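Quantities reported herein were computed from a predicted structural model and do not represent experimental measurements. In listed order, ligands and their atoms are each counted from 1.
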Amino acid sequence: MAEWQRTHTCNELREEHVGQTVTLNGWVLTNRNNGHQAFIDLRDRYGLTQVVVHKADSADLYAQAEALKNEWVLSVTGVVRKRLEGAERADIPTGAVEVEAQVLRVLNQCPPLPFEVSEFDNKLANEDLRLEYRYLDLRRRSLQRTLILRHRLCKVIRDFMDAHNFLEVETPMLGKSTPEGARDYLVPSRVFNGEFFALPQSPQLYKQLLMIAGYDRYFQIARCLRDEDLRADRQPEFTQLDVEMSFVEREDVLSIMEKLAVEVFDKCLGVKLQTPFPRLTYAEVMAKYGSDKPDLRYGLEIVDVTDIANASEAQFLKAAVAAGGVVRAINAKGGAAKFSNTALKPGGELPKVAETYKAKGLAWMKLEGGKLTGSIEKFFNDELKAKLKERLGASDGDLLLFVADSEPVVCDALGALRTHLASSLKFYQNWWEEKADHDAGEKKKADEAKRKKQSYTPVPFQARAEHFNFLWVFDFPMFQWNAEENRWDAMHHPFTAPMDEDLEHFWKNESLGNVRAKAYDMVLNGYEVGGGSIRIHRQDVQRRVFEIFGMSPADAQGRFGFLLDALKSGAPPHGGIALGLDRWAMLLAGTTNIRDVIAFPKNQRARDLMTGAPSTVDDRQVRELGIELTAATRAALQARQGNPG
Ligand code: ASP
């Protein structure tokens, strides 16, 4: 071992090491002095150790210490000492000791960096800058913790799957399009100009082929790529725990995934989940919560009031009913005082939410002092008002919100209002918000104790099962109407089996909108964290699905001939699921920003700000692919230069 190499990490030294000569390697997090002593906080992946240099011992060494700058890479050799009484830090494991330096070796210097590697939110540089210098941002303790947690999550998953007889099999990145409802990323072939590979939207077809090949239980921590518009919880490339099983029914898949969730939450967060998770049908959740991924940490159920509204004098409500629509309402408990009448006027906070989801407007009433007031109160007689109050469980201080429209619009608008209301009325607390409150309280106690020269060890926060509301949604519709293209689409993906009870409609081509699929989603706190289905394993059924989508037999053979052939080569009944690993990591790490759980993410416009990808390539490379950039593309490219976005 060379002289400069570490004997311990920056998180290892304790009182039992006092008196030992050690060497640490790390980065300078902070460097301060009081004219007599210099204190350097040395940081590595494992933690933090305080290094101290006394001017009285060596003026040279002190001058060297004074010159150190943040983020320089250092090797320190010195003796472990107990910290002075009162100078201990309870918040770090090495807080009882410090290293009295004898030798400081600068392993590498750096100029002032584009931003400070800081943990304090108010000091965080803007995200674009942090993404551009991601290797600096990744030095932050919270991002390190998140990546360590993600590693742990994958390890727990792999161990669990292995223990349950699942084989991890890698599937190709360069393949044929696997439709999952998004746009493909395409890779032009240099060898076969004019032909393209598609990057996998998921390993769906490969895992089905593995079942047909007899592999029985498969999993893969798989990278998937979908070229679609990004949101806070979406990235163009993401990771799934992809699973497939043979000879199974829905319950087999759900129950193994529940066991996995129990294991993951126990090992990663110390949370003991209760199983089985509630199971709700699509029809039920859409009617009650207006969403197929409802957050059930709070009530705020949607209630049908079509009959009461239709008996009122409100012409616009009656007209919606006459047109085949429905009138539904939500009781925003205690919301009367929170939302002023102005916030409820057209264009105000709540109507805006409803309008975003295509509702024509939002009607409302408030119950205050035992009396209903509000935009539509005058259209309801006392008897109808009494009925409304009863059905909505209204009490003083409540705000009642109504949407009248076609059923899908009402579901969407009230579903969105429900989540908006729950967050603005603080009907739930995320575990990391509770943790922040808890930690602040503990810090106060520790500070107080320090002032009184007493010792206090902060109590660590422990998340609980009630912070995590898991449920399953199933009995999804098999098809949804694509009005733009005037044809049916798959609601899940085209390889999902129809429910046995609905097969008759399926074959007869009637009420296709009512055919249900053997699909299921796993939902956690309002996020879809998994989705899967029992698959079609009969070739005739699969052909029929393609036909319903409007594909000719030749088209179907051209695009999916390999699957159709495989399905008639001894395909076992099979089914599976994919869990969104990034979303799982987000909820375990306590963030709502998916970029926080990915080492090198893209920004919201799907650009990698660090490397600059996507970027231009040599004309020669483009030519080899048999591709030519049009004049318009070149002009657009030029216009973009200097403003990559
Ligand atoms: N392939 C599906 C998806 O990526 C999951 C599944 O059906 O197993 O959403």
Side-chain angles (χ1 to χ4, degrees), residues 157 161 166 168-173 175-185 198-212 215-228 231 233-246 248-258 260-261 282 292-293 472-480 489-499 516-524 527-537 541-542 545 560 563 571-584 594:
I157 289 174
M161 299 308 277
F166 286 84
E168 184 163 24
V169 182
E170 285 171 84
T171 53
M173 293 302 280
K176 194 153 176 164
S177 172
T178 330
E180 292 279 1
R183 200 179 288 117
D184 285 323
Y185 275 103
L199 300 179
Q201 290 188 33
S202 84
Q204 183 60 38
L205 292 177
Y206 294 108
K207 66 176 173 176
Q208 290 191 234
L209 293 166
L210 283 169
M211 294 305 108
I212 297 170
Y215 283 74
D216 190 68
R217 285 186 160 205
Y218 142 98
F219 85 100
Q220 181 181 190
I221 295 190
R223 310 302 301 278
C224 304
L225 297 109
R226 298 182 190 177
D227 189 359
E228 56 192 344
R231 295 193 305 234
D233 64 345
R234 255 196 209 157
Q235 279 275 296
E237 52 181 310
F238 59 95
T239 309
Q240 283 185 347
L241 166 64
D242 199 42
V243 176
E244 198 72 9
M245 304 163 79
S246 288
V248 288
E249 299 263 8
R250 180 181 74 203
E251 265 313 306
D252 301 297
V253 182
L254 304 198
S255 92
I256 193 98
M257 288 298 107
E258 285 180 349
L260 173 67
Y282 174 83
D292 60 0
K293 42 178 189 302
W472 291 104
V473 177
F474 55 78
D475 284 6
F476 282 86
M478 174 109 178
F479 303 109
Q480 61 191 3
D489 267 342
M491 184 126 171
H492 186 49
H493 53 54
F495 318 107
T496 296
M499 300 262 289
R516 290 163 304 164
K518 292 184 180 173
Y520 32 79
D521 276 357
M522 188 194 248
V523 178
L524 169 55
Y527 286 93
E528 181 195 323
V529 291
S533 59
I534 297 300
R535 323 298 182 189
I536 296 167
H537 70 284
V541 179
Q542 189 64 70
V545 168
F560 299 109
L563 174 71
H574 60 286
I577 192 164
L579 306 185
L581 200 91
D582 308 284
R583 284 191 195 159
W584 278 69
I594 203 158

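- Heavy atoms of other residues, nucleotides or ligands lying less than 6.0 angstrom from CD of Glu228 number more than 12.
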side-chain contact (heavy atoms from CB on, under 4.5 Å), that's the test. Do Val243 and Met257 meet it? Break it down for me. CA-CA 9 Å; Val243 176; Met257 288 298 107; 4.0 Å; yes
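- Between the side chain of Glu170 and the main chain of Gln220, no donor-acceptor pair closer than 3.5 Å is present.
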For Tyr527 and Lys293, run side-chain contact (heavy atoms from CB on, under 4.5 Å): C-alpha distance rounded to whole Å, both residues' side-chain angles, the deciding distance at 0.1 Å, then the answer. CA-CA 6 Å; Tyr527 286 93; Lys293 42 178 189 302; 5.9 Å; no
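- With ligand atoms numbered from 1 in the order given, ligand 1 contributes 1 (N), 2 (C), 5 (C), 6 (C), 7 (O), 8 (O) to contacts under 4.0 Å with heavy atoms of Gln204.
- At under 3.5 Å, not a single nitrogen or oxygen of Asp242, backbone or side chain, sits near a nitrogen or oxygen of ligand 1.
- Contact annotation: for Arg226 versus ligand 1, heavy atoms closer than 4.0 Å belong to the side chain alone.
- Below 4.0 Å from some heavy atom of Lys207 lie the following atoms of ligand 1, by number and element: 6 (C), 8 (O).
- Under 4.0 angstrom from ligand 1, there are no non-hydrogen atoms of Gln201.
- Shown in contact with His492 at under 4.0 Å from a heavy atom are these atoms of ligand 1, numbered in order with element: 6 (C), 7 (O).
- Of all the atoms in ligand 1, the ones that sit under 4.0 Å from a non-hydrogen atom of Ile577 are 8 (O).
- Of the inter-residue distances, the one linking Tyr282 atom OH with Asp292 atom CG reads 6.0 Å to the nearest 0.5 angstrom.
- In terms of N/O distances under 3.5 Å, ligand 1 is not approached by Glu244.
- Under 3.5 Å, the side chains of Ser202 and Glu180 contain a donor-acceptor pair of N or O atoms.
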Hey, can you pull the donor-acceptor pairs under 3.5 Å for the side chains in residues 573-584, sequence neighbours left out?
from   : atom 1 : to     : atom 2 : distance (Å)
His574 : ND1    : Pro572 : O      : 2.8
His574 : NE2    : Gln208 : NE2    : 3.2
Asp582 : OD1    : Arg150 : NH1    : 2.9
Asp582 : OD1    : Arg150 : NH2    : 3.1
Asp582 : OD2    : Thr239 : N      : 2.8
Arg583 : NH1    : Glu528 : O      : 2.8
Trp584 : NE1    : Val529 : O      : 3.0

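- Against a heavy-atom cut-off of under 4.0 Å, Gln240 is close to the following atoms of ligand 1: 3 (C), 4 (O).
- Near Ser202, meaning under 4.0 Å from any of its heavy atoms, are these atoms of ligand 1: 1 (N), 4 (O).
- Protein heavy atom at the shortest distance from atom 2 (C) of ligand 1 is Glu180 OE2, 3.3 Å.
- Under the 3.5 Å distance criterion, the side-chain polar atoms of Gln235 are left unmatched by any main-chain donor or acceptor of Ile594.
- Closest non-hydrogen pair, Pro203 versus Thr171, comes out as CB-OG1, 3.5 Å.
- Set against the non-hydrogen atoms of Arg535, the atoms of ligand 1 under 4.0 Å away are 6 (C), 7 (O), 8 (O).
- Judged by a 6.0 Å distance limit and a 45° cone about the ring axis, Arg250 is not positioned over the six-membered ring of Tyr520.
- Close contacts between ligand 1 and Gly532 involve ligand atoms 6 (C), 7 (O) [criterion: under 4.0 Å to a heavy atom].
- Of all protein heavy atoms, the one closest to atom 5 (C) of ligand 1 is Gly531 O, 3.3 Å.
- Residue Glu528 does not touch ligand 1, judged by heavy-atom distances below 4.0 Å.
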